[in-house]
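A note on names: the letters A, B, ... follow the listed sequences, proteins ahead of strands, and every chain is numbered from 1.
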Amino acid sequence: MPAARAVQVLLPVALDRALTYAVPEGMVVEPGDVVVAPLGSRSSIGVVWDGAPEAVEGARLKAIEAVVAAAPFPDAMRRFVDWIADYTLSPKGQVLRMALRGLAEEGEAKPKFGLRATGARPARMTPARERALAVAADGTARAKPRLAEAAGVSPSVLDGLVAEGALEIVELEPPAPPPGPDPSRPGPTLTPHQQHAAEALRRTVADRAFRVVLLDGVTGSGKTEVYCEAAAEALRQGRQALVMAPEIALTVPFLDRFARRFGARPAVWHASVGESGRAAVRRGVADGSIKAVVAARSGLFLPFRDLALIVVDEEHDGAYKQEDGVAYNARDMAVVRGRLEGAPVVLASATPSLETRINADRGRYARLVLPSRFGERAMPEIAAVDMRREGPPRGQWLAPRLVSAVTETLAAGEQALLFLNRRGYAPLTLCRRCGHRMKCPNCSAWLVEHRFRASLVCHHCGHSGPSPRACPSCAAEDSMVALGPGVERIRDEAAERFPEARVSILSSDLIGGGERLAAELDAIERGEVDIVVGTQMVTKGHHFPKLTFVGAVDADFALGAADPRAGERTFQTLQQVTGRAGRGDRPGRALLQTFDPDHPAIRALVAGDREGFYAVEAKAREAALMPPFGRLAAVIVSGPDRAAVEAHGRALARAAPKVEQVRVLGPAEAPLAMVRGRHRMRLLAQSPRAVDLPGYMRDWLAAAPPARGALRVAVDIDPQSFL
DNA sequence: TGTTTCCGATAC
DNA sequence: TATCGGAAACAA
């Protein structure tokens, strides 16, 4: 009897290795095939992985149950999953789970039924029946709600007609797939600078080789049009393009820009796309019928069949970081994917992240700079308002200088934007009597008052409850006071200060959802609003032609946090927000209300010195050994025995050839370092015994096993050094 | 003694 | 991650 064949199967559970399964007689499987395999008491979907099957004691080997009729998981994707698991120190199976999203949901397409006229007349005629039959008379089949709406009758009228044989239930044809994007449509007219950049990207795509290009252009320089030409080149070759954007930017206007270029909306992939939509996109991407996808970060795990280009728009955006589960930065992983697919990657931003700039400076990435369309002075004139010296009177939030700037703007018949990165009415509610602060019962964050909804909301977990009349702690009546401003409060103050102005709020939790937001944006664009009070939302898409003044109500919003990237974030956000001011023919103005006018980020904004700011930040980052400077930026070994801890740190440094620098920190410093690294620093092992690391780190630690008393190891690694 | 809850080991 | 089983905790 011949030995049963066996293969490795990776399952989408938190297991770090593939399991060995027997292949039943007559079944043929190749690496990449999607199969169903028994796991414990249940069955799971899985992917046949590379590698020789391990010897498992005969009796324990279970057999694959079935091969799933889905496109096989491409080779590059398998290596991508392996790479990410290795780099992020997560179980392979957990990474696979992300890459299989949309597949599990994929079922048989359920047939849909509709109604069609039979030609028969019902015994009794009514006006409603007349209307229904008149609409149905053309002989086409329609879904019941559609027919009812078209005829202006209730669905039960149609039921009656079915019962009497005047309408029949027929299976509806599945809707024709929407037309694909058409790259041969004429593109927009590009400026010479755009044309030059677009041509460079077109050539890069045509070269069919991995390469990273930073597309660096200020707001309004037309980056989208430029990378769309790169996508057009990919489509002309009959290959696929992936455009990634932060979730919040995936709005209808954003998609419409693609529609205008290509004559069709691209396929969309993000969290709020339903299950059936996901299954359809995944299938289309895998079989090659979908050529262009616009996606949030999770779209990076779609199994493209022939990927020719990845664009990461707004590459500096923090939304690319996934923090829970597998921790990764989709911008970096896009670069990895591009390398594995042999496809170019375009990183686009008006305010590139420091990491990306350094990579460009060092020649790892190419750089294309798009100057503004509007000549030299496109950047608005920015000044700081020192809130310590010229702040508003108590109980108000708009400084006199800012108020007069808004007055002038309105007098000129132009629009003003008041930017505040805080939703709701007030970020903190406390009791005047006993000092009790309203905290979220689930997550210890302050509850934010939303006066319009009359509730207190946790912006962390979504918990929400009514605003209390009496203090929950000391029961004092009417003692609760709102502390600090949110956009709602600024709106109230603006309405009071400028009673004749039309004031509007732009915030992600606008009552009425996406439609209301779109309507609000349109109104602003048409100039029907004088003062816009908005959160970070205002930086995304949409051009406001009449906007000439921007006031940052709290320019220090990020500076208080113990986040080493706070300065960079402040600079980037304020640069983007203030960049919205200005009309085609002249630059706008901006005022930054700050308590720290000497902060490097604020000073750089006022001086318009982007390069100087980045130079200073780069130095600070290098000193802190943060990416992209430290290959292995920090090893933290913490434990009771300081000598053992340091010995292990040194041994680890010797054992790890790719490590440029190692820091050994004592237990007290370890928590600080963990915060510093945030997304890249991971706890590797909690005890020497539990050291079970993937890939390269396992090798390092094998050469330098943790000493007794050395309990923790954390690392911070630049992915570029492992490409 | 039966029942519930928690936690760690395990999955081929 | 999902599940299982053993140990401990609990009620009577």
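- Legend: residues meeting side-chain hydrogen bond (donor to acceptor under 3.5 Å, both in side chains) with A/Asp33, ordered by chain and number and at least two apart, are absent.
- One interatomic measurement links the two molecules: CD1 of A/Ile64 to C1' of B/dA11, which rounds to 16 Å at whole-angstrom precision.
- Across all strands, A/Gln8 comes closer than 4.0 Å to no nucleic acid atom at all (heavy-atom distances).
- Residue-level contact check: A/Ser41 touches the backbone only, with heavy atoms under 4.0 Å from sugar-phosphate atoms and none from bases.
- Taking the 5' to 3' direction, DNA chain C first and last meets chain A under 4.0 angstrom from a heavy atom at C/dT1 to C/dC4.
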Verify side chain to side chain donor-acceptor pair (under 3.5 Å) between A/Ser353 and A/Glu568, making sure each step is shown before the conclusion. CA-CA 8 Å; A/Ser353 63; A/Glu568 190 185 350; 5.0 Å; no
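- Both tests do not hold together for A/Arg297 against A/Tyr320: distance to the six-membered ring centre under 6.0 Å, angle to the ring axis within 45°.
- Atom P of nucleotide B/dC12 and atom CD1 of A/Ile45 are separated by 18 Å, given to the nearest angstrom.
- Rounded to whole Å, atom P of B/dA9 lies 15 Å from atom CG of A/Leu15.
- Using a 4.0 Å cut-off between a side-chain N of Lys or Arg and a carboxylate O of Asp or Glu, A/Asp287 and A/Arg305 do not qualify as a salt bridge.
- Shown are A/Arg79, A/Arg78, A/Arg17; of these, the salt bridge (charged side-chain N to carboxylate O under 4.0 Å, His left out) with A/Asp50 is made only by A/Arg78.
- Atoms CG (A/Asp16) and P (B/dA11) sit 15 Å apart, rounded to a whole Å.
- Taking 4.0 Å as the cut-off between side-chain N and carboxylate O, A/Asp306 and A/Arg239 count as a salt-bridged pair.
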